[in-house]
Protein chains: 4
Amino acid sequence: MRERIHFYLTDKDSKIARGIDIFIYTIIFITVIDHALQTMDSMAAYHIYLESWEVIPIVIFSIEYLLRIYSAPNRVKFIFSFWGLVDLIALIPYYLGLPADLREIRVLRFLSLLKYEPASKNIAAAFNRIKKELIIFTVLAIFILYVAAVGIYHFENPVQPDKFPDIFHSMWWAVATLTTVGYGDVFPITGGGKLFASVVVYVGLGLVALPAGLIGGAFSEAFSKDK
Amino acid sequence: MRERIHFYLTDKDSKIARGIDIFIYTIIFITVIDHALQTMDSMAAYHIYLESWEVIPIVIFSIEYLLRIYSAPNRVKFIFSFWGLVDLIALIPYYLGLPADLREIRVLRFLSLLKYEPASKNIAAAFNRIKKELIIFTVLAIFILYVAAVGIYHFENPVQPDKFPDIFHSMWWAVATLTTVGYGDVFPITGGGKLFASVVVYVGLGLVALPAGLIGGAFSEAFSKDK
Amino acid sequence: MRERIHFYLTDKDSKIARGIDIFIYTIIFITVIDHALQTMDSMAAYHIYLESWEVIPIVIFSIEYLLRIYSAPNRVKFIFSFWGLVDLIALIPYYLGLPADLREIRVLRFLSLLKYEPASKNIAAAFNRIKKELIIFTVLAIFILYVAAVGIYHFENPVQPDKFPDIFHSMWWAVATLTTVGYGDVFPITGGGKLFASVVVYVGLGLVALPAGLIGGAFSEAFSKDK
Amino acid sequence: MRERIHFYLTDKDSKIARGIDIFIYTIIFITVIDHALQTMDSMAAYHIYLESWEVIPIVIFSIEYLLRIYSAPNRVKFIFSFWGLVDLIALIPYYLGLPADLREIRVLRFLSLLKYEPASKNIAAAFNRIKKELIIFTVLAIFILYVAAVGIYHFENPVQPDKFPDIFHSMWWAVATLTTVGYGDVFPITGGGKLFASVVVYVGLGLVALPAGLIGGAFSEAFSKDK
């Protein structure tokens with residue numbers, strides 16, 4: 001029996017395992033919608049019903065977690081394995097009865113989605129391959145953002161001390177600009193600041209986009225390999 | 001005669017077929033401009049003339065539709081084929097006499113443009129090849145947008161309850177930010193929110209752009225193959 | 001002598017030809033700066049001096065134009081060749097004494113810059129190769145922008161009739177959004193409009209960027225071939 | 001002894017050299033944070049402590065600089081080498097006791113970070129390879145920005161003389177638009193201006209992004225070669 005449960009929970013090719021997958025995904029999907037509806041003011045009247053739904057995924061995931069421990073060939077090893085810990089992290093917040101403002105941690109539960117995804121191994125492998133470059137490019141991006149922030153601070157702080165009060169606020173400008181989001185909450189107004197911003201955008205655009213490109217490429221590779 | 005009509009409507013290499021194509025494209029182009037002009041206030045005086053133009057494409061497309069049914073080797077099969085249904089969907093709204101606010105559905109008529117495009121088959125084939133990846137990347141993008149929305153809601157809701165009232169409004173922020181559109185209608189103002197937004201933009205930029213890249217690549221492939 | 005002038009004006013490898021190139025580029029560069037300074041209010045006092053500078057490039061380009069006609073093996077053919085016409089177009093506005101508000105056409109003169117660029121032929125060849133795709137992708141981009149405009153008009157016109165009064169104004173929103181510029185002058189405020197905008201951005205981003213990618217690629221190819 | 005010092009400062013494979021690297025990086029990282037904290041108003045009370053920290057990196061880098069000169073096989077050659085000059089530039093501002101508003105030049109000190117990066121040679125090599133293209137594409141980008149600026153000035157100056165007073169301000173619009181940052185501080189409001197902006201964005205997007213793409217590619221190549 002123990003072997004059978006282990007088989008149904010880990011094998012991905014049988015019809016039953018696929019049925020379990022679809023069931024779990026549906027539960028998680030409803031929970032996500034439920035979670036979002038709880039934050040709406042117009043749903044305040046139904047809050048109690050929306051909140052009680054959460055018991056269902058908790059019960060299901062708790063049972064699944066216990067079955068996995070029970071059926072694991074090596075129980076201690078499973079509990080401290082990556083997916084064992086993800087399961088635990090996903091369940092703990094509910095049982096601890098965290099206060100309202102800390103309960104956003106519930107979103108971590110959706111991490112367990114990845115467990116049911118057959119491409120997860122490929123994703124991990126792809127990220128392992130780009131790990132070193134990702135670190136270097138992130139350091140490089142932060143360096144460029146910092147230089148951009150110092151420069152714009154120098155030009156704009158005397159004129160707009162409320163928008164560029166210090167280098168940390170200037171870095172927010174640098175992030176919004178070099179990722180080309182450009183909300184328009186902070187922007188240079190002096191001639192020198194505009195010229196500096198123009199040069200920085202030209203030089204920095206390609207560099208700041210490097211980590212994003214690497215991550216996108218890693219996912220793209222992982223899924224095309226799975227196919 | 002029936003065979004002849006069928007030939008002129010489907011063959012793409014004869015001069016007559018190409019002439020029909022250019023004629024149809026011109027009619028559709030004028031209809032699009034006509035359609036846009038009807039929405040202008042300064043054109044209100046000419047509204048009756050602009051609206052009556054619409055009869056012309058309807059008549060032409062109705063005749064073409066009937067000719068296609070008449071000349072099709074298998075009539076029932078044609079009516080329920082993809083292009084047969086597109087033609088029907090494009091014509092129905094007019095004959096049903098839909099009320100003013102539902103008439104925007106007329107835009108569907110322009111779908112029939114694709115029918116005259118020889119690359120249509122390649123587009124369909126290219127999309128078929130990327131179908132699975134497109135679904136996975138879309139799910140992934142929605143997941144990232146959701147995580148971004150929950151995070152920013154946590155940081156900004158207490159300070160800007162009017163801009164980030166619930167997770168659905170926060171998702172709008174996430175879409176505008178991770179596609180780098182950045183209208184500037186909603187943006188984080190707390191230190192934590194800005195830091196979270198910066199990290200999310202770095203990590204998410206490449207992932208959210210994946211579906212767009214796939215679709216662009218599929219079209220690019222379809223047209224270069226046609227060439 | 002005629003052959004000698006022809007040689008100096010067209011050969012690109014001799015020292016004298018290169019010297020002429022650098023001289024012409026310097027003149028054009030100063031003219032551009034001069035042109036920009038003339039628009040500044042704080043330069044109003046020096047306007048007369050800035051304007052008189054323009055005589056110098058006109059004289060130089062006129063002499064060069066006449067020398068080219070004189071030295072051309074086939075004079076009629078040169079006058080109606082591409083570069084012959086560009087030269088003419090660049091000079092005409094000045095001699096016609098166009099009124100102030102039409103004189104912006106002077107910027108066309110800078111087109112002649114391309115004449116001195118050895119990679120010009122490669123650029124023309126690269127554009128010739130992508131011509132057909134460029135047209136198709138541009139039509140596709142306009143189609144998507146139109147569909148986006150009709151959709152957002154449907155959602156936002158009843159609520160923001162000042163921002164989305166008709167489909168032409170809605171197309172401006174579509175352009176600013178799908179190129180991810182996102183000024184923030186127009187954006188959806190209804191739930192339906194935001195959802196529609198999110199879907200359109202996802203699907204359309206890759207398609208609208210296709211022409212830009214093609215043009216960038218054509219230039220990149222042209223210059224790397226020249227190298 | 002001189003040889004030994006030279007070995008420890010330049011060899012990258014020994015444990016001691018790597019230990020020195022980590023130590024230097026930590027010092028620089030703390031200095032950066034310290035530098036940023038000094039600009040915060042809420043840190044004004046601790047300003048004296050934050051400023052005195054700066055003595056530490058100065059002492060360390062001064063000792064290192066002197067040791068490098070002492071241990072260099074050819075001292076004069078080292079002083080006037082690239083890294084020798086970078087070291088000097090990084091130290092000079094402090095010893096000269098520059099007035100407060102010129103002290104931002106301190107950021108140059110962080111350039112010496114690159115000295116400790118084994119990939120530096122690859123970066124230099126990669127940039128050398130793209131040097132010519134980078135110059136051409138930058139000139140091309142500036143040309144497009146200029147044409148965009150002249151065009152938008154023509155359309156918008158009569159209506160928005162405060163936002164588009166001259167071509168230099170119009171270039172700021174061109175930079176913000178063609179890099180898709182789009183702050184929303186300046187944008188066209190006339191029909192002609194919007195149409196012109198739409199066309200320019202389509203054509204120019206790919207061209208203005210070329211330098212950024214080249215720089216990103218050069219870094220990507222440099223680091224992947226190092227790996």
Side-chain angles (χ1 to χ4, degrees), chain A residues 25 32-33 35-43 101-108 110-111 113-114 117 119 123 134 137-138 141-142 145 168-169 171-187 208-220 222-224 226-227, chain B residues 129-137 139-144 146-147 149-151 153-155 157-158 161 164-171 173 176-189 191 193-195 197-210 213-214 217:
Chain A
Y25 273 115
V32 168
I33 299 290
H35 188 185
L37 287 174
Q38 283 184 45
T39 63
M40 287 184 78
D41 281 346
S42 57
M43 286 290 154
D101 57 321
L102 263 177
R103 276 170 60 197
E104 295 299 338
I105 214 170
R106 288 174 301 184
V107 81
L108 281 173
F110 304 134
L111 258 181
L113 253 165
L114 288 169
E117 179 49 65
I123 296 176
L134 204 56
F137 287 157
T138 303
I142 292 171
L145 291 171
F168 295 105
H169 282 81
M171 276 201 87
W172 171 243
W173 168 84
V175 169
T177 299
L178 286 170
T179 58
T180 78
V181 171
Y183 290 120
D185 53 341
V186 276
F187 49 81
V208 170
L210 285 177
L214 275 181
I215 295 171
F219 267 84
S220 198
F223 286 113
S224 73
D226 189 52
K227 201 171 97 174
Chain B
R129 248 192 307 283
I130 61 160
K131 201 170 57 181
K132 212 200 144 190
E133 269 153 306
L134 204 54
I135 293 169
I136 291 173
F137 286 157
V139 168
L140 186 69
I142 293 172
F143 180 72
I144 290 157
Y146 182 77
V147 171
V150 169
Y153 173 78
H154 177 68
F155 284 109
N157 174 265
F164 297 92
D166 51 53
I167 284 178
F168 295 104
H169 282 81
S170 303
M171 275 202 88
W173 168 85
T177 299
L178 285 170
T179 59
T180 78
V181 172
Y183 290 120
D185 53 340
V186 275
F187 49 81
I189 56 169
K194 286 173 176 178
L195 190 62
S198 303
V199 173
V200 157
V201 169
Y202 264 132
V203 176
L205 221 55
L207 296 175
V208 170
L210 285 177
L214 274 180

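Each chain gets a letter, A, B and so on, in the order the sequences are listed, and its residues count up from 1.
Going from atom CZ of B:Phe168 over to atom CG of A:Leu37 covers 4.5 Å, rounded to the nearest 0.5 Å. Atom CG of B:Leu140 and atom CZ of A:Phe219 lie 5.0 Å apart (nearest 0.5 Å). For the atom pair CG of A:Leu210 and OH of B:Tyr202, the computed distance is 10.0 Å after rounding to the nearest 0.5 Å.
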TODO: Apply side chain to side chain contact (heavy atoms under 4.5 Å, CB included) to the pair B:Lys194 and A:His169, showing each step before the final yes or no.
DONE: CA-CA 9 Å; B:Lys194 286 173 176 178; A:His169 282 81; 3.9 Å; yes
Open item on the list: I'd like to know whether A:Asp41 forms a side chain to side chain contact (heavy atoms under 4.5 Å, CB included) with B:Asp166, so could you lay out the CA-CA distance, the side-chain angles of the two residues, the decisive distance to 0.1 Å, and finally the verdict.
Closed with: CA-CA 8 Å; A:Asp41 281 346; B:Asp166 51 53; over 6 Å; no
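When heavy atoms are compared at a cutoff of 4.5 Å, A:Ala218 does not approach chain B at all. Contact of B:Leu214 with chain A is not made at all, since no heavy-atom distance falls under 4.5 Å. B:Val208 does not touch chain A: none of its heavy atoms, backbone or side chain, sits under 4.5 Å away.
Residue B:Thr180 comes nearest to A:Thr179 through the heavy atom pair CG2-O, 3.3 Å, listed as atom of the first residue, atom of the second, then distance. Between B:Leu205 and A:Ala212, the shortest heavy-atom contact is CB-CB, 3.6 Å. For the residue pair A:Gly216 and B:Leu207, the shortest heavy atom distance occurs at CA-CD2, 4.3 Å.
Classified by interplanar angle (parallel below 30°, tilted 30° to 60°, perpendicular above 60°), the ring pair A:Tyr183/B:Phe187 is tilted.
In terms of non-hydrogen atom pairs under 4.5 Å with chain A, the most contact-rich of B:Leu195, B:Asp185, B:Val181, B:Val203 is B:Val203.
B:Ser198 contributes no side-chain N or O that, together with a main-chain N or O of A:Val175, makes up a donor-acceptor pair within less than 3.5 Å.
For the pair A:His35/B:Tyr146, a side-chain contact is recorded, criterion being any heavy-atom separation below 4.5 Å from C-beta on.
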